[in-house]
Protein chains: 2
Amino acid sequence: MSKSLSLAGFLPYRCNSLAQKISFSLSRIYVDRFGITVPEWRVLVTLAEYGELQSRRIGELTSMDKVRVSRAVSGLSARGLLQRRPCDRDSRASLLCLSDTGAELYQRIEPEVLAWEEALLQPLSTTERESLFVLIDKLDLRLATMPAVEPPP
Amino acid sequence: MSKSLSLAGFLPYRCNSLAQKISFSLSRIYVDRFGITVPEWRVLVTLAEYGELQSRRIGELTSMDKVRVSRAVSGLSARGLLQRRPCDRDSRASLLCLSDTGAELYQRIEPEVLAWEEALLQPLSTTERESLFVLIDKLDLRLATMPAVEPPP
DNA sequence: AGTAGATGGTTACATTGGTAACCATCTACT
DNA sequence: AGTAGATGGTTACCAATGTAACCATCTACT
């Protein structure tokens, strides 16, 4: 005999719904108050962390496909938050970084986001926080290596 | 001094990206092979578990808004997987349950999904599986009760 | 050098998902 | 009973996301 499915205890559902709630709660900060979309937010964080990158690399670091990156970049550029300069190694690509306004905006958002994160994790002990990330890492790894489910014969 | 943000260690990002990978991996089963969408899948599972429900309740149990439920239901109905009968207590609503074909289809999918879940969780010990759900529960609860972040004055 | 195929990035098109307006009915109060 | 507002559910409309085609350039090989 095998147990039967229940959404409430089903990891895909729980994880999805948690991710959405987290994302929504966080986005109140940068969407409502700063008019930044989620993909734009990811680009901002990444450029703030790495300094200067080309689109391709931003895509890798944020797990977004090139179309999404392109749109996010063009949105941010339109608002003067980015700076581009040609990439001399490859003239198809360009190198992107935060403009002064972009960096300034980011510095206003970042502390609020950190405060929000701290508030979210507040009920978890240090150990729990660590194991949360360990578990996520393990599942991520598993997904990358797990064989596809076989259809029955 | 406070730490600065990095996507790779940022819970919203990690959780989102994990949820997407999980969802994608799982959906190979019911999307590719059975042509069922994600919302439809949730409705199926819920009706399989609860027997007979009205749309409103399905929405609550699956965390989907009424539009999404309506579309999922109409998709499943079009394929003859559901049965509706009028709700005598409220003539606006109807009661939904799986049709015979629906139940049969579900019974073909369920064991595969359970096998997939087991494969996913395989690298986690029993304790780890438990703490994973405990952590998710805690975060869920926290999100429901957490105060909004205050804008700086 | 020249050509075939791969790659960075953008644009155009189709699909999906969300928001808002809507209709029918229900509830509660006069 | 009659009316005002709430609610179940569908439809219509608009924003976001993914897929596919595209252009320019690069790489590698002859």
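The chains referred to below are lettered A, B, ... by the order of the sequence lines, with proteins before strands, and numbering in each begins at 1.
A heavy atom closer than 4.0 Å to some atom of DNA chain D occurs in Gln54(B), Ser55(B), Arg56(B), these being the qualifying members of residues 46-65 of chain B.
Side-chain N/O atoms of Ser91(B) include one lying less than 4.0 angstrom from OP1 or OP2 on dC26(C). The phosphate of dT10(C) has OP1 or OP2 within less than 4.0 Å of a side-chain N or O from Ser70(A). At dG17(C), none of the side-chain N or O atoms of Arg71(B) fall inside 4.0 Å of OP1 or OP2 (strictly under the cut-off).
Nucleic acid contact class of Thr37(A) (heavy atoms, under 4.0 Å, all strands): none. Residue-level contact check: Ser74(B) touches neither bases nor backbone, having no heavy atom under 4.0 Å from any strand.
Closest approach of Ile36(A) and Leu81(A) over heavy atoms only: CD1-CD1, 4.2 Å. Here the shortest heavy-atom pairing between Arg68(A) and Met64(A) reads NE-SD, 4.0 Å. Residues Leu26(A) and Trp41(A) approach most closely at CD2-NE1, 4.3 Å, considering heavy atoms. The shortest heavy-atom contact between Leu61(A) and Tyr13(B) is O-OH, 3.5 Å.
Judged by distance alone, with hydrogens and angles left aside, the side-chain atoms of Thr62(A) form no donor-acceptor pair with the main-chain N or O of Arg42(A) at under 3.5 Å. Looking at Ser77(B), its side chain does come within 3.5 Å of a backbone N or O of Val73(B) through a donor-acceptor pair.
One interatomic measurement links the two molecules: CZ of Arg89(A) to P of dG9(C), which rounds to 11 Å at whole-angstrom precision. dT25(C) atom C1' lies 15 Å from atom CG of Asp88(B), rounded to whole Å. The distance between atom CZ of Arg68(A) and atom P of dT10(C), rounded to the nearest whole Å, is 16 Å. The distance between atom CZ of Arg84(B) and atom C1' of dG8(D), rounded to the nearest whole Å, is 11 Å. For the pair Leu76(B) CG and dG9(D) C1', the computed distance is 16 Å after rounding to whole Å.
Nearest-nucleotide assignment on DNA chain C puts the 5′-proximal partner with Val67(A), out of Gln20(A) and Val67(A). In terms of position on DNA chain D, the residue among Asp90(A) and Lys66(A) whose nearest nucleotide sits closer to the 5' end is Lys66(A).
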Protein-nucleotides 1-6 of chain C N/O pairs under 3.5 Å:
none

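Tracing side-chain contacts under 4.5 Å through hydrophobic residues (I, L, V, M, F, W, Y), one reaches Val38(A) starting from Leu98(A); they form part of the same cluster. Residues Leu95(A) and Val69(A) do not share a hydrophobic cluster, clusters being chains of Ile/Leu/Val/Met/Phe/Trp/Tyr side chains in contact below 4.5 Å.
Annotation for Phe24(A): atom CZ does not count as buried by contact number, only 12 or fewer foreign heavy atoms lying within 6.0 Å.
Among the duplex regions that DNA chain D forms, those built from at least three successive Watson-Crick or G-U pairs under 3.5 Å are C:1-30 with D:1-30, ordered by first number.
Side chains of Met146(B) and Trp116(A) form a contact here, defined as non-hydrogen atoms less than 4.5 Å apart.
Under the 4.0 Å criterion applied to side-chain N and carboxylate O atoms, Glu117(B) and Arg142(A) are not assigned as salt-bridge partners.
Rounded to the nearest 0.5 angstrom, Glu112(A) CD and Arg28(A) CZ are separated by 13.5 Å.
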